[in-house]
Amino acid sequence: MTRWNTSHIPDQTGRSVVVTGANSGIGYVTARELARRGARVVLACRNEARGVAALDRLRTEVPTAEAEFRPLDLADLSSVRDFAAGLDTFDGERLDLLINNAGVMALPYRTTADGFEMQFGTNHLGHFALTGLLLPKLLATPGARVVTVSSMLHALSDIDFSDLNSERTYRRWVAYARSKSANLLFTRELSRRLAAAGSQVVAAASHPGYAATNLQTAGARMEGRSSAERVIDLGNRLIAQPADGGALGTLCAATAPHMRPDSFVGPRSGLRGAPAPSFRAPWTKKDAVGERLWAVSEECTGVRYEFGGRESAVR
């Protein structure tokens, strides 16, 4: 993978794809490049105006694209359920790729529609519920994959089960790191459960390194901290790689042949460059922690995974 780039993406004709948060940044690039290779892509976005604008842009950049916008708010479990139910009209029972890309970063304290801390609720619980609800389609599709976008910043903190919603103490970057650790624990536990069920669906994770997107400035903008926003924007322009580079890890995890379950792929240097296997904190490889988080996530979302009629617990 030392020189892997978009030219290595295999033909995606006939494959169906859902990309969350596809209206901008690495989500948009991921959707565009998969559509460019022939995939039929759903842009799953919270904001309808931005989602429709992204779809128009994609069709301009890739005139042959088969793409559509559908509303999805991962911070509202009723929206997640509505999206999954509505996807029955998309390519029948087939779903080749689910790209769990959408996320929020370092926001002032907020809660989701269901009362969860916004970063944990959006970045982890929303995608946990979405994947579970779409699992029957994935299981029915040979060669299907689930790719969940984490971050190298996951290494800042492990999961605190005593304060999952940061109700006692809220530190925005710690909460972000915990949500990204949750992404990796979810990927590992999903891989274990798929293997236990005899499924060939591959669950992998990726990260973008330091990529210039609007994610970094969102928190400062929400609080009106214009000076902080300017500093972050300057860092994006001077240090970060563009979103096209940040999306390479996701695209590699989604399409490279022989991707192993529970892989974690991102820029070789950690910040930028071609995809390679990435460092992950030790706590994201502890199966007992992943199983505990899974049980908590099922309880929080009300979504129970069914692996071809088998119970979700690993035996």
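- Between L138 and L95, the shortest heavy-atom distance links the atoms CD2-O, 3.5 Å.
- For the 3.5 Å distance criterion, the side chains of D73 and S79 fail to qualify, holding no donor opposite an acceptor.
- In this structure, the side chains of F120 and R178 stay at 4.5 Å or more apart for every pair of heavy atoms.
- Y28 places a side-chain N or O within 3.5 Å of a backbone atom of L58 that can act as its donor or acceptor partner.
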Start with the C-alpha gap between T20 and I99, add the side-chain angles, then the distance that decides, and say whether side chain to side chain contact (heavy atoms under 4.5 Å, CB included) holds. CA-CA 6 Å; T20 69; I99 310 292; over 6 Å; no

Apply side chain to side chain donor-acceptor pair (under 3.5 Å) to Q119 and Y109, showing your working. CA-CA 9 Å; Q119 297 187 86; Y109 187 81; over 6 Å; no

Checking side chain to side chain contact (heavy atoms under 4.5 Å, CB included) for the pair L194/Q200: CA distance, chi angles, key distance, verdict? CA-CA 7 Å; L194 287 165; Q200 298 301 306; over 6 Å; no

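- Between Y176 and W173, the ring-plane angle classifies as perpendicular under the 30° and 60° cut-offs.
- Criterion: ILVMFWY side-chain heavy atoms under 4.5 Å apart, direct or through other members. Under it, V202 and F186 are not part of a common hydrophobic cluster.
- A side-chain donor-acceptor contact under 3.5 Å links T148 and N100.
- In this structure, CZ in R59 is found 10.0 Å from CD in E66, a value given to the nearest 0.5 Å.
- The CZ atom of R32 lies 9.0 Å from the CG atom of L251; values are rounded to the nearest 0.5 Å.
- Scored by the salt bridge (Lys or Arg N to Asp or Glu O under 4.0 Å) test, R171 finds no partners at all (sequence neighbours excluded).
- For residues 9-28, the pairs satisfying salt bridge (Lys or Arg N to Asp or Glu O under 4.0 Å) are R15-D96, with sequence neighbours left out.
- Using a cut-off of 4.0 Å between Lys/Arg side-chain N and Asp/Glu carboxylate O, E68 and R40 are scored as salt-bridged.
- Looking at heavy atoms from C-beta onward, K137 lies out of side-chain contact with D91 at the 4.5 angstrom threshold.
- S278 places no side-chain N or O within 3.5 Å of a backbone atom of R268 that could act as its donor or acceptor partner.
- Residues L97 and L34 have side chains in contact (heavy-atom distance under 4.5 Å, counting atoms from C-beta outward).
- The shortest distance between side-chain heavy atoms of V17 and V19 falls below 4.5 Å.
- Summarising the geometry of L184 relative to A205, their closest heavy-atom pair is CD2-CB, 3.6 Å, with the distance given to 0.1 Å.
- H124 contributes no side-chain N or O that, together with a main-chain N or O of G121, makes up a donor-acceptor pair within less than 3.5 Å.
- Note that CG of L87 is 12.5 Å distant from CG of D82, once rounded to the nearest 0.5 Å.
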In sequence, state the C-alpha distance, the side-chain angles, and the governing distance for D262 and R280, and then conclude on salt bridge (Lys or Arg N to Asp or Glu O under 4.0 Å). CA-CA 11 Å; D262 197 34; R280 61 193 293 174; 3.2 Å; yes

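- The shortest heavy-atom contact between N101 and G27 is ND2-CA, 3.3 Å.
- Put simply, L164 and L77 are part of the same group of oily side chains (I, L, V, M, F, W, Y) that touch within less than 4.5 Å, one to the next.
- A donor-acceptor pair under 3.5 Å is formed between the side chain of D163 and the backbone N or O of E167.
- At least one donor-acceptor pair closer than 3.5 Å links the side chain of R168 to the backbone N or O of S162.
- Under 3.5 Å, the side chains of S16 and R94 contain no donor-acceptor pair of N or O atoms.
- Counted within 6.0 Å of CD on E61, heavy atoms from surrounding residues, nucleotides or ligands total more than 12; the atom is thus considered enclosed.
- In this structure, SG on C252 lies 9.5 Å from CD1 on I9, to the nearest 0.5 angstrom.
- Using a 30° and 60° split on the angle between ring planes, F128 and W294 fall in the perpendicular class, above 60°.
- At a threshold of 4.5 Å between non-hydrogen side-chain atoms, the residues Y305 and L133 do not count as touching.
- Contact check for N23 versus L55: no side-chain heavy atoms found under the 4.5 Å cut-off.
- Annotation: the span from H207 atom NE2 to L271 atom CG amounts to 9.0 Å, rounded to 0.5 Å.
- Both V303 and L139 are assigned to one and the same hydrophobic cluster, defined by single-linkage of ILVMFWY side chains at heavy-atom distances under 4.5 Å.
- The minimum heavy-atom distance linking A75 with T112 is given by the pair O-CB, 3.1 Å.
- Under the 4.5 Å side-chain heavy-atom criterion for Ile, Leu, Val, Met, Phe, Trp and Tyr, L156 and F264 are members of distinct hydrophobic clusters.
- No more than 12 heavy atoms of other residues, nucleotides or ligands shown are found within 6.0 angstrom of CZ on R46.
- Summarising the geometry of L72 relative to A44, their closest heavy-atom pair is CD2-CB, 3.8 Å, with the distance given to 0.1 Å.
- Side-chain contact between V42 and F90 is present, with at least one heavy-atom pair separated by less than 4.5 Å.
- Counting only distance, with no hydrogens or angles, the side chain of R292 and the backbone of V296 share no donor-acceptor pair below 3.5 Å.
- Atoms CD1 and CH2, on I159 and W283 in that order, are 10.0 Å from each other to the nearest 0.5 Å.
- Side chain of N165 to main chain of E117: a donor-acceptor pair is present (N/O by atom type, distance under 3.5 Å, no hydrogens or angles).
- A salt bridge does not link E48 to R50: none of the charged nitrogens lies less than 4.0 Å from a carboxylate oxygen.
- No donor-acceptor pair closer than 3.5 Å links the side chain of S206 to the backbone N or O of V149.
- In this structure, the side chain of R70 engages the main chain of G86 through a donor-acceptor pair within 3.5 Å.
- Residues L125 and L293 fall within the same hydrophobic cluster, defined by Ile, Leu, Val, Met, Phe, Trp and Tyr side chains chained together at heavy-atom separations under 4.5 Å.
- Under the salt bridge (Lys or Arg N to Asp or Glu O under 4.0 Å) criterion, D287 pairs with R188, R192, sequence neighbours left out.
- The shortest non-hydrogen separation linking L248 to N5 is CD2-CA, 4.1 Å.
- R145 places a side-chain N or O within donor-acceptor distance of the main-chain N or O of A253, the cut-off being under 3.5 Å.
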